[in-house]
Protein chains: 2
Amino acid sequence: MGTDQRQADPNRTLELLWDVQAPPTRGPKPALSLRQVVDTGIAIADAEGVAAVSMRRVADELGYTTMSLYRYVPSKTDLLDLMVEHAAEVPDLPPELTGWRDKLRWWANDTAEIYRRRRWALDVPLNTPPMGPNQVKRMEQGLSALDETGLSGGEMLGILVVLSGYVRGHAQLATALADVEQRTGTPQEAWDQAYGRMLTTFVNADDHPTLARIVAEDGFEGYAEPDDEWLGDDFTFGLELVLDGIDRYVERRRPAMSPE
Amino acid sequence: MGTDQRQADPNRTLELLWDVQAPPTRGPKPALSLRQVVDTGIAIADAEGVAAVSMRRVADELGYTTMSLYRYVPSKTDLLDLMVEHAAEVPDLPPELTGWRDKLRWWANDTAEIYRRRRWALDVPLNTPPMGPNQVKRMEQGLSALDETGLSGGEMLGILVVLSGYVRGHAQLATALADVEQRTGTPQEAWDQAYGRMLTTFVNADDHPTLARIVAEDGFEGYAEPDDEWLGDDFTFGLELVLDGIDRYVERRRPAMSPE
DNA sequence: TAGAACTGTGTACAACATAAACCAAGCGCT
DNA sequence: AGCGCTTGGTTTATGTTGTACACAGTTCTA
């Protein structure tokens, strides 16, 4: 395959992401628009996953030739990046939220919600720093949530990296468990059975004492088969954990300050 | 491409991961071994990234034809999964560690260390539940670390999912920032400049008040260009955050118990 | 000793990203 | 008014990919 991407042009990427480009005056009118191309890609990914998105496929869907897309997008890699950027729309922060913790919880949940609706976004490799409008807007939102804590810019950024790292990582793990069927073409139950067989066959008390005990106690129910709501209680549990950690950090940094 | 993976066989996958299979008596002796194939794949990925791993490439490296590999591995997807499993070796937990927090910190750092040494492992899509020996050993280790807390099996599993989710997510974000050059073929500085230009051009005080303020305060130094040590202070910071959260949870669950 | 099981090979195919050459379209200058 | 430059979409072509399939050689078993 030729996916190597020998060279990338950050400026061009930036132009595309922020949709700034002197609209050309000379040639014939474009029949398509970047927007259409990206949206078509998103539609395909929504329906069949990111693996189904090929240049050919997108072009066919639009009724044009494969190569015509390259007038709008430098490479498939860029197309995927643009798809992620456009798919990650950021709603405004609900004004009724007051404390940083509520805001940050909403922020994390909303980010997770993106991954829930567009699971394919997790399959797009993260090649460049996030610098599209939506990504930046999301960052701004997170920062504004933390603003009242009085932390430094660096500290706030660190916290956001931690939090979005958690959201992304957890979403990925959850997806791996929940989407086996779609990803492997083999029914869920077959995997569950295999997992169970693995636990009973290879996990013995000598090598895996703790695990063996939990398995014996049936502590694995509900983990081999994840809950239907995908990012459910588990995510919330971890989120509160992280928020607690942030809380403790914030408290420690300004030991005796009035909340206002 | 034919990467579709129409059907997967969990039992076969399990056999391969755990290296159990009745060694055949009939035919000619195999010239290769699964181990060799996987190790060759790992070597290539170590040197040039996972994108450089192709069946052809692995076979060439071994001096055999492409198709010969399919006698050892059902598909490329399985090969990648096996590579991850083998690359994620789990050292024994240092015996001098006593409390759950120290153990868990070591556990998270060791997991991160894997991702540091084998960044390509983050690029392998997570298609199936982790059920290889090393993955299971790592789980056992995490559980044993938490054993003393007296939490239930479900709670401990939840905590581990949270923690490994954090590690994975953070590592991915950090890699995206640190490896731009290798991934895009464009020098680091070009991206940094583009990022800076993005911040100054598109981030105005109206749409991004908090961000704009931080940029004005130079609070972005050290973030556009990540520290050389990759998962550095930032990771540690977030890790302690998560550990704090866990700590608070543990404390809350057994309010007045002696630490021993 | 015949056949079954198993090995590695050679050939073949469809799908992929994308480079290069091409022609038609349309504005901007002289 | 018209020439030319810029731009848009198509055509053609190239190299790479994963893997299905048929085959010929090897080794044990019945």
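The structure displayed is predicted, hence computed values, not measured ones. Order of the sequence lines sets the chain letters (A, B, ...), proteins ahead of strands, with each chain counted from 1.
In this structure, B:Leu69 places its CG atom 10 Å from P of C:dT9, rounding to the nearest Å. Between the P atom of D:dG8 and the CG atom of A:Leu62 lies a distance of 16 Å, rounded to the nearest Å. Between the CZ atom of A:Arg56 and the C1' atom of D:dT10 there is a distance of 14 Å, rounded to whole Å. Per the geometry, CG belonging to B:Asp60 stands 14 Å off C1' belonging to C:dT9, to the nearest Å. B:Leu79 places its CG atom 14 Å from the P atom of D:dT17, with the value rounded to the nearest Å. Atom CD in A:Gln36 sits about 14 Å away from atom C1' in D:dG8, given to the nearest Å. We find that OH of A:Tyr64 is positioned 13 Å from P of D:dT11, with the value rounded to whole Å. Whole-Å rounding puts the A:Ile44 CD1 to C:dA15 P distance at 15 Å.
Mapping A:Arg26 and A:Met67 onto DNA chain D via the closest heavy atom, the residue that lands nearer the 5' end is A:Arg26. Where B:Thr66 and B:Pro24 meet DNA chain C, the nucleotide closest to each residue was compared, and B:Pro24 sits on the side nearer the 5' end.
Side chain of B:Met55, nearest nucleotide from C:dT18, D:dT19, C:dA25: D:dT19. Of the candidates D:dG8, C:dA17, C:dG8, D:dG8 carries the atom nearest the A:Tyr72 side chain, counting heavy atoms from C-beta on. Counting only heavy atoms from C-beta on, B:Ser54 has its side chain closest to D:dG18 among C:dC16, D:dG18, C:dC22. Of the candidate nucleotides C:dG28, C:dC6, D:dG8, D:dG8 has the atom lying nearest to any side-chain atom of A:Arg71. Closest contact between the side chain of A:Ser75 and the listed nucleotides C:dT18, D:dG8, C:dC27 involves C:dT18.
Of the side-chain N and O atoms in B:Tyr70, one or more sit less than 4.0 angstrom from OP1 or OP2 of D:dT19. OP1 or OP2 of D:dC28 has at least one side-chain nitrogen or oxygen of B:Lys29 nearer than 4.0 Å.
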- Between B:Arg57 and B:Val53, is a side chain to side chain contact (heavy atoms under 4.5 Å, CB included) present by the stated rule, with each step listed? CA-CA 6 Å; B:Arg57 178 68 192 283; B:Val53 178; over 6 Å; no
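Across all strands shown, A:Ser68 has heavy atoms under 4.0 Å from base atoms, whether or not it also approaches the sugar-phosphate.
Counted by atom type alone, B:Trp191 and A:Thr128 present zero donor-acceptor pairs between their side chains at under 3.5 Å.
Under a 4.0 Å N-O distance rule, the pair B:Glu113/B:Arg116 qualifies as a salt bridge.
Looking at B:Gln172, B:Arg118, B:Arg183 one by one, the single match for side chain to side chain donor-acceptor pair (under 3.5 Å) with B:Asp123 turns out to be B:Arg183.
Counting heavy atoms from C-beta on, the side chains of A:Tyr72 and A:Val38 never come closer than 4.5 Å.
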